[in-house]
Amino acid sequence: GAWKEVAMVKDEDGYTNVRKGPGTKYAIVGRVRDGGYILISGGYEDKWYKIYTQTGKLRGYISANKVMRMESPSF
């Protein structure tokens with residue numbers, strides 16, 4: 001089923017890349033700043049999440065270790 005979960009990007013570099021597919025060999029389609037909110041719409045082998053931004057403008061995959069999942073979404 002379609003599930004969505006709010007998460008926050010945590011990256012010491014100040015941002016993390018969003019990629020076209022679940023792996024570093026895929027092209028970068030954008031980036032999300034550290035502390036930015038994303039919506040997880042699926043997972044891929046526990047290492048990558050399929051995500052999109054709140055506005056829905058940016059969609060792609062993000063490394064799971066750069067994401068802090070939220071227990072209770074604030075919105």
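Not measured: the values here are computed from a predicted model. Nothing fancy with the numbering, it's 1 onward along the sequence. For the numbers below, each heavy atom of this structure counts, side chains included, while hydrogens, waters and symmetry mates do not.
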A.B. asks: Answer with yes or no whether the hydrophobic clustering places V29 together with V9; edges join I, L, V, M, F, W, Y residues whose side-chain heavy atoms lie under 4.5 Å apart.
C.D. replies: yes

A.B. asks: Restricting to non-hydrogen atoms, name the atom on I62 and the atom on I38 that form the minimum distance, rounded to 0.1 Å.
C.D. replies: CG2-CD1, 4.2 Å

A.B. asks: Run the numbers on V18 and Y52 for side chain to side chain contact (heavy atoms under 4.5 Å, CB included), then give the verdict.
C.D. replies: CA-CA 9 Å; V18 178; Y52 54 93; over 6 Å; no

A.B. asks: Give me the atom names and distance for the closest heavy-atom approach of Y49 to G43.
C.D. replies: CD2-CA, 4.2 Å

A.B. asks: Could you tell me which non-hydrogen atom of L58 sits nearest to which non-hydrogen atom of G30, and how far apart they are?
C.D. replies: CD1-CA, 4.1 Å

A.B. asks: With K47, which residues qualify under side chain to side chain contact (heavy atoms under 4.5 Å, CB included), at least two apart?
C.D. replies: none

A.B. asks: Using side-chain hydrogen bond (donor to acceptor under 3.5 Å, both in side chains) as the criterion, list what pairs up with D34, not counting sequence neighbours.
C.D. replies: none

A.B. asks: Give the minimum heavy-atom separation between Y37 and V6, together with the two atoms involved.
C.D. replies: CD2-CG1, 3.8 Å

A.B. asks: Applying side-chain hydrogen bond (donor to acceptor under 3.5 Å, both in side chains) as the test, list every pair that has at least one member in residues 11-21; sequence neighbours left out.
C.D. replies: D11-T16, D11-K66, Y15-R31

